[in-house]
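These notes are about the structure you will find just below.
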2 protein chains.
Amino acid sequence: MSLRIAALGLLAEGSASGYDLLKQFEKSMANVWPATQSQLYSELNKLAVGGLIEVCAVGPRGRKEYRITDAGRAELQRWVADRQDDPPVRSAGLLRVFLLGLVPPEQARAHLHAMAEEADGEVRRLTELRESLTGGRAVDPADESFFGFAVLDYGLRLNAMQAEWARSVIDRLDD
Amino acid sequence: MSLRIAALGLLAEGSASGYDLLKQFEKSMANVWPATQSQLYSELNKLAVGGLIEVCAVGPRGRKEYRITDAGRAELQRWVADRQDDPPVRSAGLLRVFLLGLVPPEQARAHLHAMAEEADGEVRRLTELRESLTGGRAVDPADESFFGFAVLDYGLRLNAMQAEWARSVIDRLDD
DNA sequence: CGTCACATGTAAGCTGTTACATGATTAG
DNA sequence: CTAATCATGTAACAGCTTACATGTGACG
């Protein structure tokens, strides 16, 4: 259900073609809900059939620009409010940690170290991304992208936490 | 690929039937990689066909007890070491935050508040779980479940972070 | 004229969920 | 004897990935 919502959400902030949305998915939404080209296009067709979006313009290369309908907006708000049908979160990374007892201790240590470094890298990447988007200024709560930045902050905190955690596990391993 | 690994991982710590594994999934592994009954049974059959596990005993009600094979152990170690083919992480919860600009501000605040409370609840639940499993004592790195506890700690830190984050977003919203 | 970006679509296959279906054993 | 637990399986459907397939327009 969620890709449908993600697409609807992007269209709620302005009309766009599948191609446009695809790039937005690669950029801002990839961290929250990645989608492939194939999936996005077929989802757009389903949404159009269901009347949640509609083609509002046809451009050069068969380009179809979509616009959200009132029914689409209603569906979106219903979903944002409800928070029932969320699929469970799965993390292959944590599964791997769970099984780390199966490899030699030094390999386990190396793995945790790599996780910490990777998280550090993500913190740097997201910090730079934030910089480049805001230019260092604070984001106004009235700003349209306020919650986008809130999610970005979540990512920053998550990765900082992960780095700290990985190092704490290594420390306990070193007793 | 990952359910296959999760099942192999549990079998690596001792033989068990599908039914046994199912309960272990509901208990310890649900937070990392949930699985349904249906999926688990068919995965076990596939693993058996592939020679990664084998039936080592047949009990009362058609109960089949599985044991991991050498090939299974090899596959498991390969996967733990590799960390290439990880599926991307998706979070419906964060997607919802991303779209929170679409609902009235007070509803957004209420939602974030609910997220914080929920995270607090998880922290309590996991703290109690940890208590009940360790009896308050520290976990020895040599202990078989050391990494299980490491993952539990991750969950604790994650939820603590989430509660803090949600409250920080509310604060910024209140400007 | 060639290459790159634009632009959309289809098909096969795997993973995961829900629901249905069946039967054996044990405990009260 | 009857209800709960044990124990496994199948079928239909939705979501996602990979790969393939096709064609247009702009720029140099």
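All chains are named by letter (A, B, ...) in the order of the sequence lines, taking the proteins before the strands, and each is independently numbered beginning at 1.
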Hey, are [X] and [Y] close enough for a salt bridge, meaning a charged N less than 4.0 Å from a carboxylate O?
X	Y	value
A:K64	A:E54	no
A:K23	A:E26	no
A:D143	A:R137	no

Legend entry - Main-chain N/O of A:V103 paired with B:Q77 side-chain donor or acceptor, under 3.5 Å: no

Inset, instruction - Please list residues of residues 8-35 of chain B whose heavy atoms come under 4.0 Å from any atom in DNA chain C, ordered by number; otherwise none. - result: B:W33

Legend entry - B:D82 atom CG, neighbour heavy-atom count above 12 within 6.0 Å: yes

Inset, instruction - Report, as yes or no, whether the 6.0 Å neighbourhood of atom CG on A:D171 holds more than 12 heavy atoms from other residues, nucleotides or ligands. - result: yes

[atom1] of [X] versus [atom2] of [N]: gap in Å, rounded?
X	N	atom1	atom2	answer
A:K64	C:dC6	NZ	P	19 Å
A:R90	C:dT17	CZ	C1'	9 Å
B:R63	C:dT25	CZ	C1'	13 Å
A:N45	C:dT10	CG	C1'	11 Å
B:L40	D:dA7	CG	P	14 Å
B:L44	D:dT10	CG	C1'	16 Å
A:K46	C:dG9	NZ	P	13 Å
A:E43	C:dT8	CD	P	15 Å

Inset, instruction - Supply the members, apart from A:V49, of the Ile/Leu/Val/Met/Phe/Trp/Tyr cluster built from side-chain contacts under 4.5 Å; use none for a lone residue. - result: none

Inset, instruction - Each residue besides A:Y19 in its hydrophobic cluster should be listed here, by chain and number; the cluster joins Ile, Leu, Val, Met, Phe, Trp and Tyr at side-chain heavy-atom distances under 4.5 Å. - result: A:Y41

Inset, instruction - Show the numbers, then the answer: is there a side chain to side chain donor-acceptor pair (under 3.5 Å) between B:S42 and B:N45? - result: CA-CA 5 Å; B:S42 68; B:N45 282 323; over 6 Å; no

Legend entry - Given DNA chain D, 5'-ward residue of the pair B:Y66 and A:R4, judged by closest heavy atom: B:Y66

Is there any protein nitrogen or oxygen under 3.5 Å from a nitrogen or oxygen in nucleotides 18-22 of chain C, and what are the pairs?
{"unit_1": "C:dT18", "atom_1": "O4", "unit_2": "B:S38", "atom_2": "OG", "d": "3.0"}

Legend entry - Summary of ring-ring contact (aromatic ring centres under 6.0 Å, His included) pairs that have at least one residue in residues 134-175 of chain A, sequence neighbours excluded: A:Y154-B:W165, A:W165-B:Y154

Pairs: protein N or O with nucleotides 24-28 of chain D N or O, under 3.5 Å:
{"unit_1": "D:dG25", "atom_1": "O4'", "unit_2": "A:R61", "atom_2": "NH1", "d": "3.2"}

Inset, instruction - Measure the shortest side-chain to side-chain distance between A:L95 and B:W79 over non-hydrogen atoms and say whether it is less than 4.5 angstrom. - result: yes

